[in-house]
Amino acid sequence: MPSITSDKKMVNAELSEASEAKSSIVPGINPSFQEQVSYGSPNLITRKTLKTTAPLGFRGLQTFSLPDLPYDYGDLEPAISSEIMQLHHQKHHQAYITNYNKALEQLDSAIAKGDASTVVKLQGAIKFNGGGHVNHSIFWKNLAPVREGGGEPPKASLGSAIDSHFGSLEALVQKMNAEGAALQGSGWVWLAVDKEFKRLVVETTANQDPLVTKGPSLVPLLGIDVWEHAYYLQYKNVRPDYLKNIWKVINWKYASEVYDKALD
Ligand SMILES: [Fe+2]
C-alpha cells in the first residue's frame, strides 16, 4: 500500500509534469516568458486571493485573468475536498492562464514582426493553455454546493431530453463514468448538445482539448475533469470513486440553462 508521503510525491510529480508540459510545449520562447507558478504554496486562503489584473501586451492585447469561483473552496465537501479545489483553481487554472497570456503576447509580437515560423510554433501552446482556461471556466460552473442545488437532477427540457436520448439520468451517468474511467491519460468527459442536429452527445477530449475540437456545433453542457490533479489528493488512484461522487455536486440548473439557450 503506498504511503501518504509517496502519494504526495506522485501528485507533486504530476504537478511538475504538467508544469513542464506547458513549458516544453512552447520551445524557443524567451525564458522570461516561461515563469512558472510555484505549486504547493501553503498560503492558499480564499478563492479570490489570486484575482489578477490582466497584463497588457505590446499593442493593448487583451489577456485573461483567473475567474472567481461561485462558491467557497470547502463548499463541495465531502464530494471534493477544499484542498483539491484550492490547488485546482489557484495553481492549475492559474498556470493555464499565465501560460496562455504569455503565448498570446509572443503571438502578438511574432505577428508584428512578420515571424511566420513563431506564429505557427505557438499554436500548440495556445491550444493547450487556452483550452485549459476554457475547460476549467466551464468546470467551475458545472459544480454547486448541495445546499445550493448541487446534485439535484435536471428537470424540464434537459431532463426530458436525457430520458429520451439515454433512457434515464442513471444511464447517462453510467455512460459518462465509464467513458471517463476508460479515458487514457488526462482529459475530459463531456455532455454536450449538438446545435445542428439538436441532440445530446457524450464526448471525450484528450489533454486540454476543448470540446469545440470535436465539432463546431457542439455546445458543452457539462464537462468533468479527469486529470489526476482533479481527484488524486482525495481519491488517490481510484478515478471511478471520484466520478461516482462528483454527481452529488453537479449543477444541473446551469446545464439546463445552457441547453435551453443553445436550442433557442
Ligand atoms: Fe483540471
Side-chain angles (χ1 to χ4, degrees), residues 1-2 4 6-8 10-11 14-15 18 69-89 92-93 135-155 158-159 161-193 200-209 211 220-256 258-259:
M1 180 181 294
I4 291 175
S6 68
D7 289 338
K8 285 190 173 174
M10 291 179 70
V11 172
E14 190 215 352
L15 294 175
L69 296 189
Y71 37 76
D72 287 328
Y73 292 128
D75 284 350
L76 304 182
E77 291 190 343
I80 305 176
S81 74
S82 178
E83 185 181 19
I84 286 178
M85 291 302 294
Q86 278 188 322
L87 288 169
H88 202 170
H89 180 239
H92 290 274
H93 190 172
N135 292 343
H136 286 86
S137 297
I138 297 169
F139 183 59
W140 308 134
K141 290 186 280 192
N142 283 146
L143 304 173
V146 171
R147 66 170 183 275
E148 293 173 17
E152 280 184 19
K155 298 168 187 149
L158 179 58
I162 288 172
D163 288 343
S164 168
H165 283 80
F166 301 104
S168 66
L169 178 61
E170 290 70 29
L172 168 65
V173 168
Q174 275 190 5
K175 180 177 175 61
M176 290 185 68
N177 284 359
E179 296 203 16
L183 199 153
Q184 293 184 342
S186 300
W188 294 75
V189 57
W190 302 92
L191 172 66
V193 59
L200 295 173
V201 294
V202 170
E203 279 284 2
T204 58
T205 55
N207 303 314
Q208 290 298 353
D209 291 358
L211 185 61
L221 305 179
L222 169 60
I224 298 178
D225 188 344
V226 294
W227 280 62
E228 283 192 348
H229 67 228
Y231 61 87
Y232 203 91
L233 285 173
Q234 184 175 359
Y235 293 96
K236 304 299 184 285
N237 59 314
V238 191
R239 188 191 285 179
D241 281 358
Y242 158 69
L243 289 168
K244 177 181 165 192
N245 284 337
I246 198 170
W247 297 100
K248 296 171 182 171
V249 288
I250 289 296
N251 187 348
W252 284 110
K253 186 168 178 285
Y254 170 78
S256 296
V258 176
Y259 177 77

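Quick caveat, the model's predicted, so the values are computed rather than measured. Side chains included, hydrogens not; waters and symmetry mates left out as well; all remaining heavy atoms used.
- Distance alone, capped at 3.5 Å, is enough to place a donor-acceptor pair between the W227 side chain and the N207 backbone.
- Here the CG atom belonging to L191 is positioned 9.0 Å from the CD1 atom belonging to I224, to the nearest 0.5 angstrom.
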Tell me which donor-acceptor pairs under 3.5 Å the side chains of residues 170-185 have, and how far apart each pair is, sequence neighbours excluded?
{"from": "K175", "atom 1": "NZ", "to": "E179", "atom 2": "OE2", "distance (Å)": "3.1"}
{"from": "N177", "atom 1": "OD1", "to": "W247", "atom 2": "NE1", "distance (Å)": "2.8"}

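- From L87, atom CG reaches atom NE2 of H93 across 14.5 Å, with rounding to the nearest 0.5 Å.
- Screening residues 244-255 for salt bridge (charged side-chain N to carboxylate O under 4.0 Å, His left out), with sequence neighbours left out, gives K253-E257.
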Test side chain to side chain contact (heavy atoms under 4.5 Å, CB included) applied to F166 and L200, step by step | CA-CA 9 Å; F166 301 104; L200 295 173; 3.8 Å; yes
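- A heavy-atom distance below 4.5 Å is not found between the side chains of D225 and N135.
- Between H89 and Y73, the ring-plane angle classifies as tilted under the 30° and 60° cut-offs.
- Across every non-hydrogen atom of P154 and L169, the tightest pair is CD-CD2, 3.8 Å.
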With side chain to side chain contact (heavy atoms under 4.5 Å, CB included) as the test, would you mind laying out the steps for S82 and E77 before giving the verdict?
-> CA-CA 7 Å; S82 178; E77 291 190 343; 3.4 Å; yes
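- The CD1 atom of I250 sits 11.5 Å away from atom CG of L221, with the distance rounded to the nearest 0.5 Å.
- Interatomic distance, L76 CG to E148 CD, rounded to the nearest 0.5 Å: 9.5 Å.
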Could you go through the side chain to side chain donor-acceptor pair (under 3.5 Å) check for T205 and W190 one step at a time?
-> CA-CA 8 Å; T205 55; W190 302 92; 2.9 Å; yes
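- R239 and Y231 get closest at one heavy-atom pair: NE-OH, 3.2 Å.
- Between the CG atom of L243 and the OH atom of Y235 there is a distance of 9.5 Å, given to the nearest 0.5 Å.
- Without hydrogens or angle criteria, E203 side chain to L211 main chain gives no donor-acceptor distance under 3.5 Å.
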For Y232 and Y242, run side chain to side chain contact (heavy atoms under 4.5 Å, CB included): C-alpha distance rounded to whole Å, both residues' side-chain angles, the deciding distance at 0.1 Å, then the answer.
-> CA-CA 9 Å; Y232 203 91; Y242 158 69; over 6 Å; no
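- A salt bridge between R147 and D75 is present, with a side-chain N of the basic residue lying under 4.0 Å from a carboxylate O of the acidic one.
- Atom CD of Q86 is separated from atom NE2 of H92 by 12.0 Å, given to the nearest 0.5 angstrom.
- Listed by chain and residue number, nothing satisfies the side chain to side chain donor-acceptor pair (under 3.5 Å) test with S81 (two or more places apart in sequence, or in another chain).
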After noting the C-alpha distance and the side-chain angles of W252 and L158, does the key distance pass the side chain to side chain contact (heavy atoms under 4.5 Å, CB included) rule?
-> CA-CA 9 Å; W252 284 110; L158 179 58; 4.0 Å; yes
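- Within the 3.5 Å criterion, the main-chain N or O of P78 finds a donor-acceptor partner in the side chain of Q234.
- Within the 3.5 Å criterion, the main-chain N or O of A144 finds no donor-acceptor partner in the side chain of N251.
- Taking the six-membered ring wherever Trp is involved, the centroid distance between the rings of F139 and H88 falls below 6.0 Å.
- Aromatic ring orientation, H136 versus H229: tilted (interplanar angle from 30° to 60°).
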